[in-house]
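Comments concern the structure below.
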Number of protein chains: 2
Amino acid sequence: MDTPTRTDVARGRRAPQARTRVVVADRNAITRAGIRAILERSPGTAVVGEAATYDLATQAIEEHGPDVLVIDLDLGDDTTRGLALCEDVHERFPDTHILIIASTLSEMVLIEALRRGAIGYLVKDQVTADELTKSVRAVQEGETAFGRGVGAVVAKTLGSSKPSDDKLTERETNVVQLVAQGLSNQQIAHELFISVSTVKFHIHNASRKLHALRRAELVHHATLAGLI
Amino acid sequence: MDTPTRTDVARGRRAPQARTRVVVADRNAITRAGIRAILERSPGTAVVGEAATYDLATQAIEEHGPDVLVIDLDLGDDTTRGLALCEDVHERFPDTHILIIASTLSEMVLIEALRRGAIGYLVKDQVTADELTKSVRAVQEGETAFGRGVGAVVAKTLGSSKPSDDKLTERETNVVQLVAQGLSNQQIAHELFISVSTVKFHIHNASRKLHALRRAELVHHATLAGLI
DNA sequence: TTTTTACCTATCCTTATGGACAGGTACCCC
DNA sequence: GGGGTACCTGTCCATAAGGATAGGTAAAAA
């Protein structure tokens, strides 16, 4: 029957039957169902697509051209892909506003996501149903929406004029992962076929980027930031 | 009006209008809504109560005497309270079957929870709507329900006849927290007004309990176990 | 009262870690 | 071709960490 093209969908966006069309991307089926249940309490809001992976998310956005994309950037092994997706969506679908719904408040992810076009950031464990509804509404209108504690981080970072924390390189991430597993520098060197000096070098750089003074702190920060 | 006693509620449990009565306890409003939405797709299943804290959970159970308690044991700062709650519910409401829905697969929490009366354990990020529905049904019938990967851990631990991991003492937890912040043994000693030897002693014991060989691994395990 | 538990301290010794240098290659972009 | 980035390697040296051992106290439980 009618197979609407992307443009048709985009034009039909503000049709009376659904003023707000949302796509939800989260690897967790329960969370997706929860967001859908909460948002659809508001008449005029419809969750038109769900996705559990980056590929499915891209597909759903292309198919539905939603007003709002509610997304957890931790859909896969690689957080970078989530940020890339933000950028991509922001460029290709400028009318789709992005609301991040994260497990933790990671300054790096937050700042990077905002730079790539997201305009809202909520922390799962702290958000109420009401806040979620309001945030989606705000974001749909192009306004920002930050959960509790998030605003302060944004202000701090913007105030300090420091663009953001450095990201770890692939190799650094590998090394940090092994550090977290309790391997010694020697074991890591053996594992990655590099010298102990190189291992130290990567740990040193990763520590600087994550503001850690020793490996225990490094692991803690990396774990909280979802790098592991 | 009719203020049904607990016994009344328990007796009315298999009334035709709702064969399965569920209480959901999770600190996360989205997750609660999601579990409710998924479970209530099954006719005959009703979520009769929601709770975001241990106190509210206890209250909801006392009030509704549900068939199934679906609970994330991480409702507060103290994971021990969740385990205590399991034990308490299991003793006081033997007909209420407990299904754990955890963020991560923690062997310690899993085993301890099973020992205290829980009969199901699912991992949030890996569960599908269908599995959740089936698990609740199984648990309601008094059968066990384990998510992907969980069964293997259960088998392994039961096979090794090792009762379970030790819990960290208060002091050990303090020390590990400071370790995670990147403090050296000396700094920790100064912070806690104890000697460096004592700090090492506690770290040594905590490492043994958490099966960590070095402090980086210790921090990682402790972070994942929610001790920090 | 005896035992257990949590807690605290110490010494000796080996190995690991981290800082400061001082270099190298390969690749991509302007 | 120059500059940037990621990556790799080495040495020297001070300090931190961790294992093995061997004690101690105070309070709660058996």
Side-chain angles (χ1 to χ4, degrees), chain A residues 78-81 83-84 87 108 112 163-223 227, chain B residues 78 80 83-84 108 112 163-223 227-228:
Chain A
D78 185 4
T79 317
T80 323
R81 279 203 64 191
L83 294 170
E87 202 161 12
M108 177 195 139
E112 285 300 312
S164 87
D165 291 355
D166 286 321
K167 287 169 302 200
L168 298 192
T169 67
E170 191 185 334
R171 207 54 165 173
E172 284 160 359
T173 307
N174 287 339
V175 172
V176 172
Q177 285 169 344
L178 295 176
V179 168
Q181 286 167 32
L183 275 64
S184 69
N185 288 349
Q186 218 155 43
Q187 291 173 305
I188 294 170
H190 184 258
E191 185 82 16
L192 298 179
F193 306 105
I194 57 181
S195 79
V196 175
S197 301
T198 308
V199 174
K200 286 182 174 185
F201 174 79
H202 289 309
I203 290 176
H204 181 75
N205 290 329
S207 298
R208 181 177 40 72
K209 291 180 181 177
L210 294 181
H211 306 120
L213 289 174
R214 39 197 97 240
R215 54 171 56 205
E217 199 180 3
L218 175 65
V219 168
H220 190 220
H221 289 181
T223 305
L227 293 175
Chain B
D78 186 3
T80 322
L83 294 170
M108 178 194 141
E112 285 300 313
S164 89
D165 294 352
D166 286 322
K167 286 170 303 205
L168 298 193
T169 66
E170 189 184 337
R171 205 57 164 174
E172 284 161 358
T173 307
N174 287 339
V175 172
V176 172
Q177 284 170 344
L178 295 177
V179 169
Q181 286 167 32
L183 275 65
S184 68
N185 289 349
Q186 217 155 43
Q187 291 172 305
I188 294 170
H190 185 258
E191 185 82 16
L192 298 178
F193 306 105
I194 58 181
S195 80
V196 175
S197 302
T198 307
V199 174
K200 286 184 176 185
F201 174 80
H202 289 308
I203 291 175
H204 181 75
N205 290 329
S207 298
R208 181 177 38 72
K209 291 181 181 177
L210 294 182
H211 304 120
L213 289 175
R214 46 199 90 239
R215 53 172 58 205
E217 197 180 5
L218 176 65
V219 168
H220 190 221
H221 288 181
T223 306
L227 293 175
I228 304 176

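Chain naming here is simple, since letters A, B, ... match the order of the sequence lines and numbering starts at 1 in each.
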Counting N and O atoms only, with roles assigned by atom type, does the side chain of [X] sit under 3.5 Å from a partner on the main chain of [Y], one being a donor and the other an acceptor?
X	Y	answer
E172(B)	L168(B)	no
E87(A)	A84(A)	no
H221(B)	L210(B)	yes

| message | Can you confirm whether V179(B) sits close enough to H202(B) that some side-chain heavy atom of one is under 4.5 Å from a side-chain heavy atom of the other? | response |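 Answer no - side chains too far apart.
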| said: Would you say that L218(B) contacts V176(B) through its side chain, given a criterion of any heavy-atom pair below 4.5 Å between the two side chains? | reply: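 Answer yes - side chains close enough.
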| query | How close do R215(B) and S184(B) get, heavy atom to heavy atom, and via which atoms? | reply |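 Nearest pair, atom of R215(B) first, then S184(B): NH1-CA, 4.4 Å.
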| query | In terms of the nearest nucleotide of DNA chain C, which residue is placed more toward the 5' end: H204(A) or T169(B)? | reply |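 Nearest-nucleotide comparison on DNA chain C picks T169(B).
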Nearest whole angstrom, please: distance from the [atom2] of [N] to the [atom1] of [X].
X	N	atom1	atom2	value
L183(A)	dA16(C)	CG	C1'	13 Å
E170(B)	dC7(C)	CD	C1'	11 Å
N205(B)	dT9(C)	CG	C1'	14 Å
F201(B)	dG24(D)	CZ	P	14 Å
Q187(B)	dA17(D)	CD	C1'	14 Å
L213(B)	dA20(D)	CG	P	11 Å
L192(B)	dC8(C)	CG	P	8 Å
F193(A)	dC7(D)	CZ	C1'	17 Å

Check nucleotides 10-16 of chain D for protein N or O atoms closer than 3.5 Å to its own N or O atoms and list the pairs.
{"unit_1": "dG10(D)", "atom_1": "OP2", "unit_2": "S195(A)", "atom_2": "OG", "d": "3.4"}
{"unit_1": "dG10(D)", "atom_1": "N7", "unit_2": "S197(A)", "atom_2": "OG", "d": "3.3"}

| T198(A) and R171(A): side chain to side chain contact (heavy atoms under 4.5 Å, CB included), yes or no, with the steps? | CA-CA 10 Å; T198(A) 308; R171(A) 207 54 165 173; over 6 Å; no
| Phosphate-side-chain proximity, H202(B) and dC8(C), N/O vs OP1/OP2 below 4.0 Å |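 H202(B) to dC8(C) OP1/OP2: side-chain N or O found under 4.0 Å.
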| message | By nearest atom, which of the nucleotides dT9(C), dC7(C), dA6(D) is closest to the R171(B) side chain? | response |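 The answer is dC7(C).
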